[in-house]
> 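After the structure tokens below, expect a handful of questions from me.
Quick note: numbers below take in every heavy atom, side chains included, and nothing from hydrogens, waters or symmetry partners.
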2 protein chains.
Amino acid sequence: MAAAEDKGTRILVRTITDLARLAGVSPGTVSRALAGKSLVNTQTREKIEALAREHGFRPNQMASGLRRQKTGVIGVAIPLGHDTRQQISDSFFMTLLGFLADELTTHGYDLMLRRVVPGDDADWLDRFIGSGMIDGVIVIGQSDQFERIEEVADGYRSMVVWGNHQEGQRHCVVGTDNRLGGRLAAERLIAGGARRIAFVGDTGPMEFAARFAGAQDVAVRMGLPAVLPLATHLSPDRASEEIASHLAAYGRSIDGIFAATDTLAALCLTELRAQGLSVPDDVKLVGFDDLPIARQTIPPLTTVRQDIAAGARGLVDLLLRRLGGETTESLVLPPELVVRETA
Amino acid sequence: MAAAEDKGTRILVRTITDLARLAGVSPGTVSRALAGKSLVNTQTREKIEALAREHGFRPNQMASGLRRQKTGVIGVAIPLGHDTRQQISDSFFMTLLGFLADELTTHGYDLMLRRVVPGDDADWLDRFIGSGMIDGVIVIGQSDQFERIEEVADGYRSMVVWGNHQEGQRHCVVGTDNRLGGRLAAERLIAGGARRIAFVGDTGPMEFAARFAGAQDVAVRMGLPAVLPLATHLSPDRASEEIASHLAAYGRSIDGIFAATDTLAALCLTELRAQGLSVPDDVKLVGFDDLPIARQTIPPLTTVRQDIAAGARGLVDLLLRRLGGETTESLVLPPELVVRETA
DNA sequence: AGGAATCTTGCAATCGTTTGCAAATGAGTC
DNA sequence: GACTCATTTGCAAACGATTGCAAGATTCCT
């Protein structure tokens with residue numbers, strides 16, 4: 001056994017032509033045999049497959065991709081519009097990325113990851129698409145690039161975006177109904193007795209803007225004072241100081257906080273405690289995402305759940321459909337309020 | 001301007017040959033001009049560059065890669081040996097991945113991500129390498145594949161692995177000195193007064209085994225009872241039940257816990273509280289990693305810090321060196337004890 | 001002006017795989 | 001045994017960019 005394997009691997013068979021020579025057939029036949037086409041005689045195929053296995057032959061995907069004009073690779077772009085540093089280590093995006101990797105693998109695709117800083121080059125999306133390396137692209141988060149994505153979508157079909165859905169937009173998007181999520185959060189705060197609500201987070205990115213707007217909807221409908229936006233960055237180190245100073249200024253004049261993400265909510269919890277405010281008695285708090293951390297805070301976070309796994313499935317499903325030529329609608333997932341102890 | 005652009009983009013220029021026709025030169029010249037070689041006349045180059053820009057031309061990376069036998073892509077493999085599901089969403093690996101993406105981008109490389117389940121196919125690493133799509137590979141975590149990686153390393157130089165370093169191993173590895181980290185953790189627990197220490201986590205993976213061994217070193221040296229291993233899975237949902245039952249059984253007979261990761265430590269904190277044990281008074285607790293969550297628990301976690309950014313830099317640096325033909329030693333990073341309030 | 005030296009450029013082969021077409025083989029029919 | 005028809009194979013041209021070689025164009029010298 002060991003001897004046979006030795007003998008087998010002695011000759012280096014790197015190309016389909018090497019293998020063809022060994023099998024005594026033409027390269028074309030080898031290609032067809034390995035591709036599993038029906039045109040090849042069963043015995044020939046078996047012989048070729050055996051040799052391929054024996055020598056550990058793997059067809060060169062570059063060459064194959066070039067010839068077939070498809071690569072079996074899906075690009076995943078993470079635009080870091082605002083708040084450049086660290087966003088890629090944002091839990092939510094990373095979790096989504098994990099599920100995407102699973103899902104793409106399941107469908108036989110590889111995943112090419114690219115961080116992009118749109119400020120540095122306006123061309124990021126075209127460059128990625130035009131590289132010839134990917135069959136399609138999933139953009140994680142619209143960041144501040146909504147317009148750029150719209151433009152590209154007009155001329156390129158093989159793209160799906162994670163983000164917020166807007167009436168009449170041209171690109172295919174998968175995402176949670178953020179506005180509805182915002183409403184659920186605000187309703188919960190108000191039902192618990194909150195009257196003066198603050199929104200902690202950056203209202204720049206569309207998703208967050210929609211969450212804020214949803215909360216505002218409810219405040220208006222209930223005849224309460226407008227929701228107070230308290231701007232922060234996303235990365236924990238910067239955000240925690242910002243939250244501290246916001247709370248120092250407004251902590252005693254509000255009784256409900258809707259945080260743009262669970263990460264921010266957890267920080268709020270820490271800072272509220274530091275300022276001697278108790279949750280949920282003095283201030284009620286609702287987060288967004290339902291990341292693992294939401295269960296581990298003290299007290300555990302009431303939050304608005306996004307179904308990340310379903311999101312990943314949706315992204316991949318729609319993209320594959322589009323690769324197949326179908327036209328697809330956007331997919332808006334329903335958020336779900338998860339009641340724990342902070343509101 | 002708009003008109004010119006219109007006129008410019010009217011003709012589709014997809015290949016270097018299209019562009020050559022437009023510029024009135026041969027494809028070879030265009031190739032040289034865009035590659036910035038010195039052999040091209042300055043005026044010709046400028047003309048070609050202008051046309052390329054105007055028409056948004058991007059050379060096909062597949063073709064280029066095929067011809068030059070290098071792709072500009074680095075593969076990142078995440079083997080999921082034990083505990084298949086969810087490990088990819090493990091915070092530590094994800095954070096490392098984020099830094100890797102940064103670092104590779106900075107050096108002009110793209111990143112191809114591949115989840116692998118070695119149980120399903122023993123061939124995973126060869127397949128990835130042999131695909132012809134990547135110039136080199138970074139393996140994140142040895143999982144239970146130490147031997148497989150060693151074998152591959154004998155015949156393939158362009159590989160660097162994140163993980164634990166063992167005396168005399170043949171593959172180039174970057175990682176924290178886990179054993180030393182384990183010692184630091186145990187020393188801290190003992191200095192605080194702990195005598196009967198438990199280790200929470202799976203001792204199967206090498207990194208964790210080394211952490212456990214480090215703690216054991218100290219227990220032995222101090223003449224204390226052996227460290228009690230309490231096995232758990234890595235994913236929070238399964239781990240939290242397991243921890244609960246472990247603590248129900250042993251909670252009152254131990255006074256110090258060293259958790260294999262911060263994620264597990266955070267769960268311990270929750271479960272300890274649930275069982276009416278106070279931290280650090282009844283039980284002292286030390287984590288590992290210093291993830292963002294370590295700062296957000298109540299009380300904040302004392303933990304052993306791994307410098308993830310330095311790790312990513314090291315991985316990329318060593319890999320690029322190896323691509324350049326150098327021979328490189330492994331890089332072992334020092335862990336650092338971060339004292340907060342749990343021990 | 002003639003010739004050598006230097007710059008630019010084009011030609012054509014190459015990277016490794018796929019695939020349309022046609023040739024070759026074999027089976028089946030009358 | 002001649003013929004049709006289906007299988008199986010080989011041939012050679014793609015895919016798009018790169019690069020060694022040689023030819024053409026300039027420049028510079030004496």
> Kindly say if Arg67(A) contacts the phosphate of dT19(C), meaning a side-chain N or O under 4.0 Å from OP1 or OP2.
no
> When you get a sec, tell me which of dG16(C), dT17(C), dT8(C) is the closest nucleotide to the side chain of Leu66(A)?
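Closest of the options to the side chain of Leu66(A): dG16(C).
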> Hey, is the main chain of Ala23(A) close enough, under 3.5 Å, to the side chain of Lys47(A) for a donor-acceptor pair?
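Side chain of Lys47(A) to backbone of Ala23(A), a donor-acceptor pair under 3.5 Å: yes, one is there.
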> Could you tell me the separation between the CG atom of Leu39(A) and the C1' atom of dT18(C), rounded to a whole number of Å?
12 Å
> Which is the 5'-most and which the 3'-most nucleotide of DNA chain D that has an atom under 4.0 Å from a heavy atom of chain B?
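First and last nucleotides in contact are dG16(D) to dG20(D).
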> What's the CD-C1' distance between Gln69(B) and dG16(C), to the nearest Å?
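Distance check: Gln69(B) CD to dG16(C) C1' gives 8 Å.
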> Is Arg148(A) paired with Asp126(A) through a side-chain N to carboxylate O contact shorter than 4.0 Å?
yes
> Under 3.5 Å, is there a donor-acceptor pair between the side chain of Arg157(A) and the main chain of Glu326(A)?
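A pair under 3.5 Å: yes.
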> Using atom CD of Gln61(B) as one end and atom C1' of dC15(C) as the other, report the distance to the nearest whole Å.
16 Å
> Round to the nearest Å and state the distance from Ile16(B) atom CD1 to dT14(C) atom P.
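Checked: the CD1 to P distance equals 19 Å.
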> Between the axis at one end of the helix from dA1(C)-dT30(D) to dC30(C)-dG1(D) and the axis at the other (five pairs apiece), what's the angle to 10 degrees?
50°
> Using modelled atom types only, decide if a donor and an acceptor are shared between the side chain of Asp135(B) and the backbone of Thr71(B) within a distance under 3.5 Å.
yes
> Between Thr15(A) and dC15(C), is there a side-chain N or O to OP1/OP2 distance below 4.0 Å?
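The answer is no; no side-chain N or O of Thr15(A) sits under 4.0 Å from OP1 or OP2.
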> Send over the distance from Gln43(A) CD to dG26(C) P, rounded to a whole Å.
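Going from CD in Gln43(A) over to P in dG26(C) covers 13 Å.
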> If you measure from the Lys or Arg side-chain nitrogens to the Asp or Glu carboxylate oxygens, is any gap between Asp123(B) and Arg58(A) under 4.0 Å?
yes
> Strictly distance-based, threshold 3.5 Å: is any side-chain N or O of Glu150(B) a donor or acceptor partner for the main-chain N or O of His171(B)?
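The answer is yes, because a donor-acceptor pair under 3.5 Å joins these two groups.
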> Taking the side chain as every heavy atom from C-beta outward, state whether Asp18(B) and Leu12(B) have any pair of such atoms under 4.5 Å apart.
no
> Map Ala63(B) and Gly24(A) onto DNA chain D by nearest heavy atom, then report which one ends up closer to the 5' terminus.
Gly24(A)
> Using a 4.0 Å heavy-atom cut-off across all strands, classify Ser31(B) as base, sugar-phosphate, or nothing.
base
> If you define the side chain from C-beta out and look only at heavy atoms, does anything of Ile138(B) sit under 4.5 Å from Trp162(B)?
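No, too far: nothing below the 4.5 Å cut-off.
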> If you find the nucleotide of DNA chain C closest to Gly28(B) and the one closest to Met62(A), which residue's nucleotide is nearer the 5' end?
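With Gly28(B) and Met62(A) compared, the 5'-side residue is Gly28(B).
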> For the backbone of Thr17(B) and the side chain of Thr15(B), can you confirm whether one donor and one acceptor N or O come within less than 3.5 Å of each other?
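Such a contact is found between Thr15(B) side chain and Thr17(B) backbone.
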> Starting at the 5' end of DNA chain C, which residue's closest nucleotide do you reach first, Arg68(B) or Arg32(B)?
Arg32(B)
> Looking across every strand, which nucleic acid part, if any, lies under 4.0 Å from Val30(B) by heavy atom: base, sugar-phosphate, or nothing?
nothing
